[in-house]
Amino acid sequence: MSFAASRAVLRHSQFAVRRAAIRNASTTSEVAGSAKEKASQAASKASEGLSRVTSSAGSAIIKAGQFTSSALGGIGGRTGRLIGFVQSMIPPTIYYSRVGLELGKIIFEQRKMSPPSLATFQTYFQPVLNALKHPGNLFTQATTTSSTLQPTQILNRVRNLSNAQLASAAVITAEVIGFFSVGEMIAQMDVFKLLSRSAKHSQAAPKQTLPSSGEAPNPQLFGRSEALEAQSNVQSTRKRKRGQDDSKQSVELPPALDFFGDSSRHKKGKENVKDRNLASGRSKESREDASKLEAKAVSEDTSTDAASVSYSEEECKRVLRTHKLKITVLEDYKVLDQDMAVEKKSKKRRREEQQLQKSASKKTKIQLYPQPLTSFGQLRTRYSISKRLVENIESQGYTVPTEVQLGGLPLLLGPYDAHIRDYRNGENKGPAKQAEVQLGQQIDLLTIAPTGSGKTLVFLIPVLNACIHDMKSTRQDDAHSNGVHASKVGPRAIIIAPTKELAAQIVNEGRKLSQGTGVKISLMKRGMEVVERLDEEASGDGQLSHEGDSEDDSDSADSTTLERSIRSAPRKKGRAELVKAAILVTTPLALLNVLKMPSGQIAPLPTVRYLILDEADVLLDPLFRTQTLSIWNTCISPLLRISLWSATMGSNIEQLALSTVNERRRAPLIRLVVGLKDTAIPNVAHKLIYAATEQGKLLALRQLLHPTSTLSTDTTPTLRPPFLIFTQTIPRAVALHAELLYDIPPEAGGSSRIAVLHADLPSTARDSVMARFRRGEVWVLITTDLLARGVDFRGLNGVVNYDVPNSAAAYVHRVGRTGRAGRQGGVAVTLYTTEDVPYIKNVANVIRASERLRGTEGAGAEGAVKDWLLDALPTPSKRDRQRLKKRGVEARRPAKEADGKQRAKTRISTKSGWERRVEHNRKGAE
Ligand SMILES: Nc1ncnc2c1ncn2[C@@H]1O[C@H](COP(=O)(O)OP(=O)(O)OP(=O)(O)O)[C@@H](O)[C@H]1O
């Protein structure tokens with residue numbers, strides 16, 4: 001009796017659990033992979049088999065049990081009791097195995113519990129089915145024939161239940177409730193996710209992630225396609241310890257680079273760190289222990305790294321080429337004594353010599369093959385970087401160095417052994433000329449690397465490390481001298497960026513890396529004092545700037561003398577406190593404003609040893625050129641090292657940098673190029689859309705905002721928020737913002753989801769919009785080229801060029817706001833009208849080059865620029881390009897500068913703001 005009832009209730013509960021499972025299905029996003037499928041098949045087969053056994057054999061077993069029971073009923077004593085016990089255990093055994101099986105099915109078949117077969121269903125529910133078919137019978141039965149269905153009879157039967165029967169009913173009820181609870185718990189726990197952790201993700205149900213957001217499994221852009229090719233080389237090339245015989249060791253690339261090899265050792269190290277973190281995170285009070293453990297893990301990790309290994313020239317070359325790195329010494333450089341001799345020569349003579357050098361440098365190309373940095377652990381073991389700094393790098397989640405980090409950090413952190421090959425007139429003359437070059441910290445560097453490739457880290461790490469060392473040695477000096485901290489006399493490093501937003505971002509990154517090191521990094525703000533000035537100087541004498549020049553020109557003498565004279569100088573009352581930061585990040589104008597003395601001269605910066613120009617091509621462009629060069633010249637320390645960084649660099653800017661460096665003639669200028677120069681990153685999908693008119697552009701943008709309204713057969717990914725919209729001018733950004741304000745439905749946040757950011761906004765408003773966009777509160781941000789460079793929004797899914805960019809470089813930078821650190825899936829849409837046709841070929845060429853890198857080139861299904869389009873577009877002349885760069889598309893210039901006809905074209909909308917508001921309010925009222 002109890003067994004039959006259990007089964008019936010169990011069948012009911014199957015439906016209930018299944019419903020619960022469906023309800024909770026949304027909580028389980030991950031599905032099991034092939035391993036789980038196999039397990040599921042096995043489980044369902046076993047289940048089917050056992051189901052059959054239990055359902056068909058169940059009744060037989062019971063009958064047999066009853067028969068055996070009556071047959072054996074007469075047996076008494078111990079044997080009889082044993083038989084009785086076994087007999088009583090049969091139904092619960094069948095019942096519990098059934099429960100276990102159903103649970104197994106829930107787990108392994110992802111809650112797809114099979115409903116009972118029709119036959120089984122009929123067995124249990126036939127009376128109910130009959131009653132439903134013929135409800136009249138039920139009534140007749142109840143009132144006339146069947147006495148058992150009469151309420152009084154049912155009540156009597158319940159009253160007459162024995163204690164044992166009541167107990168067994170209670171047990172069954174409890175079991176059923178328990179079974180429900182287990183089902184619910186499984187649904188809530190997301191057991192499948194736990195079980196499928198080690199399994200591959202199912203191909204059938206790909207995980208939906210927003211493009212360009214989330215984790216970047218590998219921040220590198222290049223090298224993966226060549227990995228297979230390199231694999232064959234791995235067999236033949238070898239990793240070599242210094243002084244070791246080449247022929248004895250087979251090559252084993254470090255795990256970070258070894259995309260195709262066994263990286264279990266490295267992974268294990270990382271997992272150790274993670275596990276320890278997890279363990280340590282369990283108790284709050286053990287946080288301190290956790291950091292100690294982590295530090296230990298990092299040091300363990302670095303100690304097991306291939307950090308002490310040096311690679312042969314061939315291996316260095318292979319790694320650098322695989323990652324598309326090219327390092328060139330831009331000219332032959334001279335030692336300091338010769339420099340000084342040059343300086344004494346007349347200006348004319350010097351110019352002639354420079355001309356000669358320029359033509360000679362064209363013919364001479366010296367290629368460098370430094371030891372690549374294949375893991376961040378090598379920073380410590382190979383370059384003795386501050387331990388805390390390395391820990392901070394790792395705690396930011398950086399594990400694999402990007403290409404620019406792989407090549408740039410060794411150049412800046414040396415000294416190291418570089419393999420140099422001398423190519424004269426492009427010919428390889430004989431065997432490689434190997435030389436031990438003590439570079440590192442002794443070079444000036446010009447780096448051209450793709451957007452989002454992590455250049456910030458490359459210039460911050462060496463500078464931070466130098467400041468940490470400086471600080472340590474100054475502390476030791478102070479202990480013996482007058483106790484004045486070096487950073488109090490002026491900054492050690494200055495980083496210049498073209499916009500306040502980028503400068504603030506660099507400070508933010510720097511602060512994360514410098515945590516716990518004691519090095520201060522500050523953003524230049526109005527009212528700050530950067531250098532201590534003497535009273536006479538403040539009154540306009542400008543003595544100090546000449547003092548530096550008149551000093552003996554030996555390397556360290558003048559800067560230290562200057563520092564000493566500044567320290568002892570009387571400080572004028574009422575002046576702002578000196579900036580205490582060792583690293584100062586600024587825009588050119590902000591710094592110059594502070595440095596300008598009443599006489600109009602610029603105060604010198606004798607303490608600055610590192611000058612970093614981020615987005616150097618724009619800083620040396622006519623707009624900022626004078627300001628940037630003034631700051632460069634005011635850094636008078638002979639120890640000054642300069643580095644220039646950008647994703648794009650015209651040859652004229654490169655030449656300007658070279659000649660400015662040459663004037664100082666202290667160190668060789670080395671150029672590091674990653675990938676193809678001036679090309680957009682390959683992991684962004686481009687769309688070039690002809691919209692004919694301004695109205696057409698607005699329509700097209702609205703279709704992008706509401707992609708469901710389009711019946712597109714386009715295979716490229718659709719644009720999804722958050723994204724940036726670029727316009728040519730501030731008034732157009734403001735107008736477009738007003739136009740789109742009501743385009744996002746109120747249910748989705750309405751006008752609060754869309755914002756505008758431009759240079760005319762007050763500083764606090766700019767900061768607030770940036771913060772809201774970074775937090776994800778703003779989905780669509782309309783802006784000008786203010787945000788085109790350097791700014792890093794990790795989860796940005798797309799970029800819309802509402803107005804075409806004014807140069808190919810501007811396109812590269814704008815679209816580079818998405819797809820950062822190797823993330824895939826960003827979309828870049830460019831809308832163009834008939835006015836843009838004369839200039840659009842520049843953009844089309846960049847798209848074509850980027851697609852070539854990506855492998856979706858040409859008239860094929862996915863290429864954004866078809867061959868016929870490229871052929872049809874006119875090539876803009878040099879003059880046109882220059883005019884475009886300077887003024888943008890004429891038709892879109894502010895209305896006051898344009899004539900009456902153009903005026904209509906400059907407007908984004910044909911309706912006034914007032915009309916739009918009325919329309920919106922009316923819609924709201926409906
Ligand atoms: N090794 C790394 N691993 C993972 N992410 C990294 C790594 N290095 C840098 N990043 C991340 O990559 C992103 C882009 O870095 P960064 O802003 O320095 O790029 P960039 O080369 O300066 O770009 P742009 O040319 O646009 O200024 C940042 O979010 C940074 O945190």
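All heavy atoms count here, side chains included; hydrogens, waters and symmetry mates do not. Along the sequence shown, residues carry numbers from 1. Remember, it's 1-based here, ligands and their atoms both numbered in the order they're listed.
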When you compare ligand 1 with [X], is there at least one nitrogen or oxygen pair between them that comes in under 3.5 angstrom?
X      : value
Arg820 : yes
Phe376 : no
Gly452 : yes
Glu509 : no
Ala449 : no

| Atom NZ of Lys885: over 12 foreign heavy atoms under 6.0 Å | no

| message | One residue to check: Pro450. Relative to ligand 1, which of side chain, backbone, both or neither has a non-hydrogen atom less than 4.0 Å away? | response | backbone

| Contact partition for Asp792 relative to ligand 1, non-hydrogen atoms under 4.0 Å | side chain

| said: Closer than 3.5 angstrom, by distance alone: can the side chain of Thr783 be matched with the main-chain N or O of Leu757 as a donor-acceptor pair? | reply: yes

Which ligand 1 atoms are under 4.0 Å away from a heavy-atom of [X]?
X      : answer
Arg817 : 26 (O)
Thr456 : 16 (P), 17 (O), 18 (O), 22 (O)
Lys455 : 18 (O), 19 (O), 20 (P), 21 (O), 22 (O), 23 (O), 24 (P), 25 (O)
Val400 : 1 (N), 2 (C), 3 (N)
Glu615 : 27 (O)

Can you find a non-hydrogen atom of [X] under 4.0 Å from ligand 1?
X      : result
Arg789 : no
Ser453 : yes
His813 : no
Gly397 : no

| said: Pairing donors with acceptors under 3.5 angstrom, does anything connect the side chains of Arg881 and Asn842? | reply: no

| task | May I ask you to check whether Thr374 and Gln378 show a side-chain donor-acceptor distance below 3.5 Å? | result | yes

| request: With sequence neighbours left out, write down each residue that passes side-chain contact (heavy atoms from CB on, under 4.5 Å) with Lys512, or none if nothing qualifies. | output: Gln396, Asn508, Glu509

| request: To the nearest 0.5 angstrom, please state how far the CD1 atom of Ile725 sits from the CG atom of Leu787. | output: 12.5 Å

| Distance from Ile653 atom CD1 to Leu658 atom CG, nearest 0.5 Å? | 13.0 Å

| remark: Exactly one of Asp614, Asp621, Asp617 clears salt bridge (charged side-chain N to carboxylate O under 4.0 Å, His left out) with Arg789, and that residue is Asp617

| Just one of Leu781, Asp785, Val804, Leu786 clears the side chain to side chain contact (heavy atoms under 4.5 Å, CB included) bar with Phe726, so which one? | Asp785

Side-chain donor/acceptor pairs under 3.5 Å, residues 770-779, sequence neighbours excluded:
unit_1	atom_1	unit_2	atom_2	d
Arg772	NH2	Ser752	O	3.2
Arg774	NH1	Asp792	O	2.7
Arg774	NH2	Gln505	OE1	3.4
Arg775	NE	Glu777	OE2	2.7
Arg775	NH2	Glu777	OE1	3.3
Arg775	NH2	Glu777	OE2	3.4
Trp779	NE1	Gly776	O	3.4

